[in-house]
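Chain A is the first sequence line, chain B the second, and so forth, proteins listed ahead of strands; every chain is numbered from 1.
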Amino acid sequence: MTQDLLKVDGLKAYYQMNYFGVTREVRAVDDITMTIRKNEVYGIAGESSSGKTSFIKVLAAAIRPPLRIVAGSVKYDFKSGPIDVATASPAEIEAVRWRRLSYIMQGSMSVLNPLRRIGKTFEDFAMRPLGLTGEAYRARILNHLERLKLPADVLRAYPHELSGGMRQRVTIGLATVCHPEFVIADEPTTALDVVVQKEVLGLIREIQQDMGSSVIFVTHDMSVHANMADRVGIIYAGRLVEEGPTREMFFAPKHPYTAHLVASLPRIGDTTQRPALEGRPPNLADPPKGCRFHPRCPLAVDKCRTEVPPLETVGKDHRTACWRWQDVQPLVSPHAAHGVMA
Amino acid sequence: MSTLLDVRNVNKRFATGGLMGRRVVDAVQDANLTLSSDKPEIFTIIGESGSGKTTLARMILGLELPTSGEISFAGKTVSHRVGRQERLEFMAKVQPVFQNPFEAFNPLKRVDRYLESTAKRFLKLKSRDDLDGAMDGALQKVGLSLAEVRGRYPHEMSGGQLQRAAIARALIPNPPLLVADEPVSMVDASLRMSIVNLLKSLRDDLGVSVIYITHDLATAYYISNRLIIMQRGRIVEMGDARTVLDNPEHPYSRLLKASVLSTEDAGDGKLATDPAMVELANELVRRPGRLVDRPDGRMVRTYDRV
Ligand SMILES: Nc1ncnc2c1ncn2[C@@H]1O[C@H](COP(=O)(O)OP(=O)(O)OP(=O)(O)O)[C@@H](O)[C@H]1O
Ligand SMILES: Nc1ncnc2c1ncn2[C@@H]1O[C@H](COP(=O)(O)OP(=O)(O)OP(=O)(O)O)[C@@H](O)[C@H]1O
Ligand code: SF4
Ligand SMILES: [Mg+2]
Ligand SMILES: [Mg+2]
């Protein structure tokens, strides 16, 4: 019996800004309900600026004004006890950060203080939660760096002395060294070469399985989702529009946006022109009425322009928000994919 | 044939560390490459994390000087240690797009101000209308508009929006060479294709050459004319992009191709790499070897038997 670790319910989080008396509201997370189980890897994909980072920032309890939670709850069931990070106090959040809940931010530089050596940053993050000192502490850190294929002397380096990929591995190291129950990662492997990417993904998987922890990660790289995630969720214009078991999402998507997304990248050996999605990305300050995808959807009908499709269950663990999900045709099939590599 | 960019025998060594002892990194070793100005091309650099791609790009941009060897652009040595005017003329012709848009923009400066100062500096525009026209034109080329960007600070935009704005900024002076360091790693698949197609059309329609640094072998295959593959500071393979990627010869190049994740087995969690391939590629790192011409026109680093 699998248990839930995180329950997000009716979550809305908006950027609320005031420019010279004019209020502007960007509805970056607009009514998301979902569950993450213990011991599962959940991948989030979606358009650029659809609200993925905003969403997981809320999950990580790492939001700052002008981003505010407007409605909903974000409840974790940690071993140390339940907590709703939407309402928890800063002290309660501090108590779970890094030990229970860790967050790898998009753009790895941001967490690394440019004036502090990497070793110092590790001490800041890990010494207290690990409860180790001296040789025991050092051995633990070195062992962890080694798993990440980082040389020991990165501890002496300043962030700018490392390549982009090394910095990203350092950040992953910081986030996993305390073996947290829940790891939130925003584009954790985008700056890595494919060899190291595969190793790092394998490592995240390994740590996750060792610990029985859960991982939620965001990436644009669909091939990472294909190989890492147990389930994949797709966000479009601040909403979860489809989620399901990884294989089904790739080969039997039930939302036209998902179908487009999984088919949009070429493979090596492929030089045919890929169509980009037509039309403009939606404006989150004034999203389209009805189904938010309707201005760009090849299947749109009148109803789509006025009525919001609910996220309905269409299979085991599979939900979609589309009036015409039964008419969605997959654009790639497992067999066709093989033919491309000539 | 006239030469646009000439990188000859370039090395870059970083020495860091103080009290605890010095650490020396040979970030780029013996790099050679030439771009011709008669034939605009997309020249791709692929390679290991930390193999010196960004360092090479920074030297081409004149942001960093080679430890030895020489880089010249249109016949002139590239260096930041030149007169202001000369430096400005060079910068208008070779524009950068960096890896991480969050780092490329100053968080305290509005994004439109960035574009505006670029337009003022390189195009010498002054009137509001001209400036707005130049900015909007460049933003439209990347699928944004001035209306969307005006008044926003970098943190108020998503990674993808910011990266598109960075490319728009680079396009303002109409440069003949763009140095794009992982320009699409932060954007969604659909946008990635539109940016990659944009680079293609810059080459085909406007004659812009692009140095395209990426970890994405699929888009490299899709748009590049030539490519180099780097490992630990050294070029290990160089040639026509499709010739190399269809059938890589150097062990590291092969490992790279074999490590590309596919969506074909979606859901199977396949993350293993053949350890023998990894070992072979790692073993060669320590040996210098030399680049040898192959009959099909590519060059591959080969090693004498020990
Ligand atoms: N601090 C902020 N103030 C105002 N608006 C913001 C802020 N941060 C983000 N936004 C806006 O919120 C929306 C969602 O942004 P978010 O960063 O969550 O997108 P994303 O899905 O992570 O995109 P990407 O894939 O490009 O990283 C975007 O329209 C963005 O411009
Ligand atoms: N300013 C610096 N001082 C010291 N070492 C540096 C400096 N800049 C880069 N290096 C080192 O030079 C090597 C090459 O780094 P570079 O950033 O060029 O790699 P890269 O190929 O761009 O990697 P990535 O794919 O991860 O971006 C790395 O070992 C890095 O640590
Ligand atoms: S509800 Fe209508 S517009 Fe929305 S995705 Fe489905 S068919 Fe397209
Ligand atoms: Mg993001
Ligand atoms: Mg780099």
Response to the item:
Separation between NZ (B:Lys12) and CZ (B:Arg58), nearest 0.5 Å, reads 9.0 Å
Fill in: Engaged part of B:Ala281 at the chain A interface, taking heavy atoms whose separation is under 4.5 Å
neither
Discussion item. If we define contacts as heavy-atom pairs under 4.5 Å, which of A:Ser50, A:Gly46, A:Ser264 has the most with chain B?
Written reply: A:Ser264
Worksheet, complete the sentence: The interface call for A:Arg64 against chain B, heavy-atom contacts under 4.5 Å, is neither
Worksheet item: Is the cationic atom of B:Arg242 (NZ for Lys, CZ for Arg) positioned less than 6.0 Å from the six-membered ring centroid of B:Tyr221 and within 45 degrees of its normal?
Response: yes
Worksheet item: What part of A:Glu248 lies closer than 4.5 angstrom to a heavy atom of chain B: side chain, backbone, both or neither?
Response: neither
Worksheet item: Can you tell me how far CG of B:Asp112 sits from OH of B:Tyr153, rounded to the nearest 0.5 angstrom?
Response: 9.0 Å
Worksheet item: Checking heavy atoms, do the side chain of A:Arg169, its backbone, both or neither come under 4.5 Å from chain B?
Response: side chain
Worksheet item: So which part of A:His225 gets closer than 4.5 Å to some heavy atom of chain B, the side chain, the backbone, both or neither?
Response: neither
Item to complete: Verify whether one side chain among B:Ser201 and B:Asp204 offers a donor that lies under 3.5 Å from an acceptor in the other.
Response: no
Fill in: Contact leader toward chain A among B:Ile46, B:Val260, B:Val278, where contacts are heavy-atom pairs under 4.5 Å
B:Val260
Worksheet item: Which one, A:Leu192, A:Asn227, A:Thr246, leads in non-hydrogen pairs under 4.5 Å with chain B?
Response: A:Asn227
Discussion item. Please identify, among B:Ala189, B:Ala218, B:Ala272, B:Ala266, the residue contributing the most non-hydrogen atom pairs under 4.5 Å to chain A.
Written reply: B:Ala266
Practice prompt. Could you tell me which portion of A:Val41 (side chain, backbone, both or neither) has an atom closer than 4.5 angstrom to a non-hydrogen atom of chain B?
Written response: neither
Worksheet entry | Interface residue of largest heavy-atom contact number with chain A, from B:Ser262, B:Gly50, B:Gly151, B:Gly52, under 4.5 Å | B:Ser262
Item to complete: Can you label the angle between the A:Phe293 ring and the A:His255 ring as parallel, tilted or perpendicular, going by 30° and 60°?
Response: tilted
Discussion item. Measuring from atom OH of A:Tyr158 to atom CZ of A:Arg117, what distance do you get when rounded to the nearest 0.5 angstrom?
Written reply: 3.5 Å
Item to complete: Run the numbers on B:His215 and B:Glu182 for side-chain hydrogen bond (donor to acceptor under 3.5 Å, both in side chains), then give the verdict.
Response: CA-CA 7 Å; B:His215 289 303; B:Glu182 298 191 42; 3.3 Å; yes
Worksheet entry | Under 4.5 Å from any heavy atom of chain A - which part of B:Lys53 | neither
Discussion item. Let me confirm one number: the CD1-CD distance from B:Ile229 to B:Glu237, rounded to the nearest 0.5 Å.
Written reply: 5.0 Å
Worksheet, complete the sentence: Turns out that what part of A:Thr190 lies under 4.5 Å from chain B's heavy atoms comes down to both
Worksheet entry | Interatomic distance, A:Arg147 atom CZ to A:Ile207 atom CD1 [nearest 0.5 angstrom] | 5.0 Å
Worksheet entry | B:Ala258 versus chain A, the contacting section by heavy-atom distance below 4.5 Å | backbone
